[in-house]
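Written below as structure tokens is the structure these notes are about.
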Amino acid sequence: VRNTDFAPPALLPPATPFAARCCSIDAIAWENWQSPKGKYRGSFRGLSLAFGAQHRQPLNRGGHPFDVELGRVPADATLFPFHWHALQWEFYVFVAGRGEFRLGDARFEVGPGDCVMAAPGVGHTFRNTGEGDLLYFVVADDPPNEFWVWPDSDKVGLAQPRRILRGTDVDYFDGEE
């Protein structure tokens, strides 16, 4: 029995086609960055961005269902401050070097072949404890309406518009009456 009158509803508008379907990691430039005093630093190659995907955008505006990066943390460096994401999942695969990962209240060593999953709401950071570069891949779902929390420094970050804020306690009705 076939029902030719039924068509599944379109859940999302068609995705914007990507500019490329195949590329070499070596053809993607490293993007280096560091904090103002150099405590946090690293490099990455934006693999999904190399395919023409737009960061933190819905699929129908050039976004992608996940973000993939190849990252590099130099010796004695920490990649980013301890933080958690409200919506984003991150999956790390370490391919070279040695490091220490902080995930929630736990700290553990990571090296080639180790994988770590950081769920929304779970704080995370990692640092290079070896002598050479710590190399890893990260896959994240890159939600457009993301925000972050840095519990050690009492900050909140908004993805769009991009803002980093430090809150103060106020009453629920403050400014409303």
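Position 1 is the first residue of the sequence; numbering continues from there.
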Quiz item: Linking Ile, Leu, Val, Met, Phe, Trp and Tyr by side-chain heavy atoms under 4.5 Å, what else ends up with Y172?
Solution: F173
Quiz item: Is there a path from W33 to V138 through hydrophobic residues (I, L, V, M, F, W, Y) whose side chains come within less than 4.5 Å of each other?
Solution: yes
Quiz item: Considering residues at least two apart in sequence or located in another chain, which fulfil the side chain to side chain donor-acceptor pair (under 3.5 Å) criterion with Y40?
Solution: none
Quiz prompt | side-chain contact (heavy atoms from CB on, under 4.5 Å) partners of R45, counting only residues at least two apart | solution = I25, D26, I28, W30, L47, L70
Quiz item: Is the number of heavy atoms from other residues, nucleotides or ligands within 6.0 Å of CG (D171) greater than 12?
Solution: yes
Self-check item: Neighbour count >12 (heavy atoms, 6.0 Å) for atom CZ, F66
Solution: no
Self-check item: Closest approach of P143 to L87 (non-hydrogen atoms, all atoms of both residues)
Solution: CG-CB, 3.7 Å
Practice problem: Measure the shortest side-chain to side-chain distance between P151 and W84 over non-hydrogen atoms and say whether it is less than 4.5 angstrom. | Solution: yes
Exercise. For residues A96 and P112, report the shortest heavy-atom separation together with the two atoms involved.
Key: CA-CG, 3.9 Å
Quiz prompt | Heavy-atom check, side chain of I164 versus side chain of W150, under 4.5 Å | solution = yes
Exercise. Under the side-chain contact (heavy atoms from CB on, under 4.5 Å) rule, what do F101 and D114 come out as? Steps first, then yes or no, please.
Key: CA-CA 11 Å; F101 207 104; D114 290 331; over 6 Å; no
Quiz item: Between C115 and F91, which heavy-atom pair has the shortest distance, and what is it?
Solution: CB-CZ, 3.8 Å
Exercise. Scan residues 141-156 for pairs that pass salt bridge (Lys or Arg N to Asp or Glu O under 4.0 Å), counting only residues two or more places apart or in two chains.
Key: R56-D142, R102-D152
Show which side-chain atoms of residues 120-130 pair as donor or acceptor with protein atoms under 3.5 Å away, not counting sequence neighbours.
residue : atom : partner : partner atom : Å
H124    : ND1  : H83     : O            : 3.4
H124    : ND1  : V122    : O            : 3.1
H124    : NE2  : H83     : NE2          : 3.4
H124    : NE2  : E90     : OE1          : 2.6
T125    : OG1  : F80     : O            : 2.4
R127    : NE   : E100    : OE1          : 3.2
N128    : OD1  : G130    : N            : 2.7
N128    : ND2  : V73     : O            : 2.8
N128    : ND2  : P74     : O            : 3.3
N128    : ND2  : G132    : O            : 2.7

Practice problem: For the pair Y92 and Y136, name the ring-plane relationship: parallel under 30°, tilted 30 to 60°, perpendicular over 60°. | Solution: tilted
Practice problem: Work out which heavy atom in C23 is nearest to a heavy atom in F51; give both atom names and the distance. | Solution: SG-CE1, 3.7 Å
Exercise. Specify the closest pair of heavy atoms between A159 and P144, including all atoms of both residues, with the distance to one decimal.
Key: CB-O, 4.2 Å
Quiz item: To the nearest 0.5 Å, what is the distance between CZ (F44) and CG (L49)?
Solution: 7.0 Å
Quiz item: For E131, does the CD atom sit with more than 12 other heavy atoms under 6.0 Å from it, leaving out its own atoms?
Solution: no
Exercise. Give the cluster check for W148 versus V156: same hydrophobic cluster or not, with ILVMFWY residues linked at side-chain heavy-atom distances below 4.5 Å.
Key: no
Practice problem: Count the heavy atoms belonging to other residues, nucleotides or ligands that lie under 6.0 Å from CZ of R166, then report whether that count exceeds 12. | Solution: yes
Quiz item: Linking I/L/V/M/F/W/Y whenever any side-chain heavy atoms sit under 4.5 Å apart, do W89 and V93 land together?
Solution: yes
Self-check item: Test side chain to side chain donor-acceptor pair (under 3.5 Å) applied to N32 - qualifying residues, sequence neighbours left out
Solution: S43
Quiz item: Linking I/L/V/M/F/W/Y whenever their side-chain heavy atoms sit closer than 4.5 Å, directly or via other members, would L134 and V68 fall into one cluster?
Solution: no
